[in-house]
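Notes for the one structure printed next.
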Amino acid sequence: MALWGGRFSQAADRRFKLFNDSLRFDYRLAEQDLIGSVAWSKALVTVGVLTADEQIRLEEALAFILEEVRATPEAILTSDAEDIHSWVEQRLIDKVGDLGKKLHTGRSRNDQVATDLKLWCKMQVPELISAVRQLQQALVAVAQTTQDAVMPGYTHLQRAQPITFAHWCLAYTEMLARDESRLQDTLKRLDVSPLGSGALAGTAYPIDREQLADWLGFASATRNSLDSVSDRDHVLELLSDAAISMVHLSRFAEDLIFFNSGESAFIELSDRVTSGSSLMPQKKNPDALELIRGKCGRVQGALAGMMVTLKGLPLAYNKDMQEDKEGLFDAMDTWLDCLHMAALVLDGLQVKRERCREAAQQGYANATELADYLVAKGVPFREAHHIVGEAVVEAIKQTLPLEEMPLAALQAFSPVIAEDVYPALSLRSCLDKRSAKGGVSPRQVSSAIDEAHKRLDAK
Ligand code: ARG
């Protein structure tokens, strides 16, 4: 039975009911709705609506339902209740009879759903933080073993300067560290309880809302009832966190797809995260990574969708807001899945060091070194840049890397070039020289790994 039958003489059209009901997705808020209801029952004792005895009976029944729900959450879906709030109330009435009908005193589904969703988000965040940290740990573990794996770094997808695979891993570790701190930040603003805001104007019972917030594990209670029931910033924030992090994961996936391609062949992905072609027997496709990259799209869509849903809404609650849940749930599930999958991909990844080194040696990735060498010999950088450009053209003509050009050929471009140019052009020297903070020098990389370990092992 619907919660609001009194004013209506006709039953809802079956098609409208299907369109309007949210139980098929908001059943995921069952646990939060039950926890919120227990706290509300306690508040009702303090204002004389329930006796202590009645509250105990309600709390026991709600605890029983919570166990039921935890054991078989899908059982809820067999009900034709409108939403999870109606379902919980009906189930409570089934269990304790008329007493259950008192629970909704002074409460609205508007403050109830806002509370449930915030509680859900609060419970979700630690799980996300832990998955983000696990992926960072997986990246640092790969970095640890690939400090010697020299490969080309790219700009414009052109070989630019040599880096190490470890340095690449640490770049993504940094992005994920920011994702983690965004989640921590989101948590702070999530920690304010809307319960006791009523439908929009506040509850008519003199409830101590700070106490109520405390019972629910919130740091404080919201300051304005109208805002409390209309606010979905926390949904937008979590979706933004997800959208940004998914962009990171998508770039991670794209890089690895490229490294794994026949053209680069810098890595080999494990059989455990790839699939074959139904036609071409030689194929081993990077499906896990392609799906991470692909799923990024739907998370961006969820964020954009929610922004647009909220943008024209007048205060306070409007049914449009029921649209907040499916996108949020899907985006959070997708993000978690992708974080786990990215860690799994790293787990079996093999770096082909020989091939990486070979590629780092091609493409004139050490041209900047030659310019810096000239600078060290007193040539102004702009001039050095020009000289090296000409030398590269000649080297391309001779199909030689710079370090294999005869000394005389190099000296034709600048008389200051001497025998000591060759060690300067080595991959080793390219890396070693980038020793300022954050650079690719082996020393910097190894201390970055130590720092990441320290940060990730703490807590
Ligand atoms: N199912 C609704 C939602 O998710 C619950 C709140 C309904 N409130 C109302 N006044 N109809 O938003």
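Numbering of ligands and ligand atoms starts at 1, following listing order.
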min-distance protein heavy atom vs atom 6 (C) of ligand 1 -> Tyr317 OH, 3.5 Å
For atom 2 (C) of ligand 1, what is the closest protein heavy atom, and at what distance to 0.1 Å? Gln322 OE1, 3.2 Å
Does the Ser264 side chain pair with the main chain of Phe266, one donor and one acceptor, at a distance under 3.5 Å? no
Per-atom filter on ligand 1: closer than 4.0 angstrom to a heavy atom of His85 are 5 (C)
What orientation do Phe252 and Trp168 show, parallel under 30°, tilted 30 to 60°, or perpendicular over 60°? parallel
Quick note on ligand 1: atoms under 4.0 Å from a heavy atom of Ser22 include exactly 1 (N)
What is the distance from atom CG of Leu427 to atom CD1 of Ile163, rounded to the nearest 0.5 Å? 12.0 Å
Nearest-0.5 Å distance that lies between atom CG in Asp450 and atom CZ in Arg455: 13.0 Å
Quick one: does Glu210's side chain have a donor or acceptor within less than 3.5 Å of a partner on Ser220's backbone? no
With a heavy-atom distance limit of 4.0 Å, tell me whether Glu82 approaches ligand 1 through its side chain, its backbone, both, or neither. neither
Atom 4 (O) of ligand 1: the protein heavy-atom neighbour that sits closest, reported with distance to 0.1 Å: Lys325 NZ, 2.6 Å
List the atom of Leu344, the atom of Arg272, and the distance in Å for their closest heavy-atom pair. CD1-NH1, 4.0 Å
Side chain proximity check, Cys296 to Val247, heavy atoms < 4.5 angstrom: yes
Look at atom 11 (N) of ligand 1 and say which protein heavy atom is nearest, naming residue and atom and giving the distance to 0.1 Å. Arg109 NH2, 3.8 Å
Is there a polar contact, in the sense of an N or O pair closer than 3.5 Å, between Asp83 and ligand 1? yes
Atom 10 (N) of ligand 1 [closest protein heavy-atom partner, distance rounded to 0.1 Å]: Asn110 OD1, 3.0 Å
